[in-house]
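Contents: one structure, followed by commentary.
Proteins get letters first, then strands, A, B, ... in listed order; numbering begins at 1 in each.
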Protein chains: 2
Amino acid sequence: MPSKSSLPTISDVAQRAGVSIATVSRVINGNTPVVAETAQRVRLAIKELKFVPRAAAQVLASRKTNTIGLVFSEIRGAFFPHLLKGIEAELHSSGYELLIYSTHSDHPIQRKPIGEHNTDGLLVFTTSLELEELERLYGINFPLVLMHETPPQGMEIPVITIENKDGAVMLVSHLIEKHGRRRIVFLRGPEGHEDSEWRERGYREALEAHKIVYDEGLIARGEFDEDSAFEEMQKLMAAGIEFDAVFAGDDDAAIGVYRALKMANRIIPDDVAVVGFDDVQFARYISPGLTTIRAPIEEVGREAVRQLICLLNGEQAQRLVLMRTELVIRESCGCQNKGGGERDL
Amino acid sequence: MPSKSSLPTISDVAQRAGVSIATVSRVINGNTPVVAETAQRVRLAIKELKFVPRAAAQVLASRKTNTIGLVFSEIRGAFFPHLLKGIEAELHSSGYELLIYSTHSDHPIQRKPIGEHNTDGLLVFTTSLELEELERLYGINFPLVLMHETPPQGMEIPVITIENKDGAVMLVSHLIEKHGRRRIVFLRGPEGHEDSEWRERGYREALEAHKIVYDEGLIARGEFDEDSAFEEMQKLMAAGIEFDAVFAGDDDAAIGVYRALKMANRIIPDDVAVVGFDDVQFARYISPGLTTIRAPIEEVGREAVRQLICLLNGEQAQRLVLMRTELVIRESCGCQNKGGGERDL
DNA sequence: CGGCATGATGTAAGCGCTTTCAGAAAGCGC
DNA sequence: GCGCTTTCTGAAAGCGCTTACATCATGCCG
């Protein structure tokens, strides 16, 4: 049993097969013709020695890492698995590896964790990368694709995102038209979060289209998560603000809204209608079923990878891919949910 | 603006700072003393040139990749984010990177995606790695930690797992003692899945302890996911098998059970009590709230990383870490859920 | 039958770092 | 001041691959 220090290298293989290391390299990479019989001998030697090329050496010599990076900030959130699944799926079919880095703000970064030194390109979700680093990477022409974030001034980086505004309009219009709601709370996401900005714009447009005056007092500032949503709702109610519906910003926040409302004995949807955004897994499981917007998150991941691969191949990528969103009606808005979600509980 | 082909290297830095590349390397790695003033000059040069060491070169020269790998098979499943979160958190505080590979069976692997050539050690979840590959890695003394899977015969690999059997016993005993259920269906997980094996053992022990005869007819074979659970329940009901409770194998499966039961107009928990396993996010959100076992999944991830790092440092790792599980009572078993889960909806 | 494509293989020069080893500079006691 | 140790720094040898280029048989044409 060989110790770890003596793993076989390409020269061991070459020697055993009676060829030069160049030939071994050629049969491994298959880009230069090698006589069939020789190739067979090499492959045998590889198998016998259980040889696996050291990735670092390949990368160093070929200047290609064959892996792409994903920078992400919020592993929590029902959102993440969907996105990752799409990315993984598309990546596998293209032979790239995935390096994931999630930027926790708490640990100051010493060595640069992810970038041009260990990946061929980067998938960046929302604002998980500091502007400075983004500029640096862009400056050296490093392949980059953004998700749910338009690039800063002057940078031409492909973006994949969803129809946030349309989704919000559908949601709010539904609340107004079908259920006669007029005092609709909007629970924003984090400051500077683009999804949130667009959803708010949609919210305002929908109000306007129905001649409802925008009321600053109905805007609450959450973080796209359960806890902050819960607290914001508590505050709102404590302040005695009246409302008959809540647009929760995203599904995670909707959970917090549910909790606060139930604790205050307000019935959903009779007293207060609630809608979310994203249609994550649990949206159909909670009670009442959450009316929300289906965002093709998985598809965003797939498309992001596709565009990045375009870039990696030196092809032109699309500047902007906008994914359609779709209204998913369940019961939390007041509907009876006839038909549709047959998988709902 | 430098083109991608002319990224600065360590020699550029050395030249600019008026030192040798060895010195630059020393201040980067900080393991050999360098006079403060010189070090400062080097750091300045690094900053000015925006130099980032190429990871591949470092890896090749130092023979350490500074990244650990995670091999996983089921990105789907409410399970995954919890695990990943724990792993990420622990990893960051130790300065390692994470390379994730999820083994989809559909794409035959050409190049070895993950292993000794691109990581310093591997975290392996359940049976995501083929035995042959596991043996190979073990054979070359490669640092390995398994999660939720005991190592094959003769291999001494550290394992992190949870008290599956105890959890199952708690669940089933609760069903029997508090709710008088006696015909309890057990919905298994996939063949060979260790969690499933142990849960079944707990199920049988609990029955035995209460003098209930084990009935083969009450065992259904799911896949730890919603769809197979749904189908299995349909089959069971179609076959006219009687039961007053279902132990769903895991929470994902419980969802499928809920759906099948509701579709058949059987009331949970009055007609049929349902319990799950894992306590994933949505368990508290569904209606009725799912009685389940809280498995410290995140902690499993953290602990796995800790053990792997022990190995990487040449220290001894624990052969087996067993995490305690805990009964979480909500309403799906028939309880009224007084107290406890104050975050439940 | 000589000259020349043609295609398979070998030779060797890196890729950009780390690290050993040796040398230079500086401090110390006698 | 002389030899000694003690620090710091530089030269250079790899790490294990890829790939441009050279080499060497072939086969083919005129």
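Between A:Asn66 atom CG and D:dT18 atom P the separation is 11 Å, expressed in whole Å. Rounded to an integer number of Å, the gap from CG of B:Asn118 to P of D:dC17 is 13 Å. In this entry the distance linking CD of B:Glu37 with C1' of D:dT9 reads 14 Å, nearest Å. Remark: P of D:dC17 and CD of A:Gln15 are 14 Å apart, rounded to the nearest angstrom. One can place NZ of B:Lys64 at 11 Å from P of C:dT18, the figure rounded to the nearest angstrom. Here C:dG16 presents its C1' atom at 11 Å from CG of B:Asp12, a figure rounded to the nearest Å. The CD1-C1' distance, from A:Ile46 to D:dC17, rounds to 13 Å in whole Å. In this structure, B:His117 places its NE2 atom 15 Å from P of D:dG16, rounding to the nearest Å.
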Dot-bracket, 5' to 3', for DNA chain C please: Watson-Crick or G-U pairs under 3.5 Å, [ ] where pairs cross earlier ones, | where the partner sits on another strand, dots elsewhere.
||||||||||||||||||||||||||||||
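The environment of CD in A:Glu37 is sparse: at most 12 heavy-atom neighbours from other residues, nucleotides or ligands sit within 6.0 Å. Atom CD of A:Gln15 sits in a sparse spot, with 12 or fewer heavy atoms from other residues, nucleotides or ligands closer than 6.0 Å.
The pair B:Glu133-B:Arg136 counts as a salt bridge, with a side-chain nitrogen and a carboxylate oxygen less than 4.0 angstrom apart. Using a cut-off of 4.0 Å between Lys/Arg side-chain N and Asp/Glu carboxylate O, A:Arg306 and A:Glu299 are scored as salt-bridged.
Between the side chain of A:Thr119 and the backbone N or O of A:Glu116, no donor-acceptor pair lies under 3.5 Å. Between the side chain of A:Asn118 and the backbone N or O of A:Pro113, at least one donor-acceptor pair lies under 3.5 Å. A donor-acceptor pair under 3.5 Å links the side-chain atoms of B:Arg41 to the main chain of B:Ala17, judged by distance alone. Checked by atom type and distance alone, the side chain of B:Thr9 pairs as donor or acceptor with a backbone atom of B:Ser11 at under 3.5 Å.
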I'd like to compare against my own output: the B/S/- annotation of nucleotides 8-15 of chain C with a strict under-4.0 Å heavy-atom distance to protein.
SBBB--BB
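Neither OP1 nor OP2 of D:dC17 sits under 4.0 Å from any side-chain N or O of A:Ser25.
Each of B:Phe79, B:Phe80, B:Tyr101 was checked for a ring-ring contact (aromatic ring centres under 6.0 Å, His included) with B:Phe125, and the lone residue meeting it is B:Phe79.
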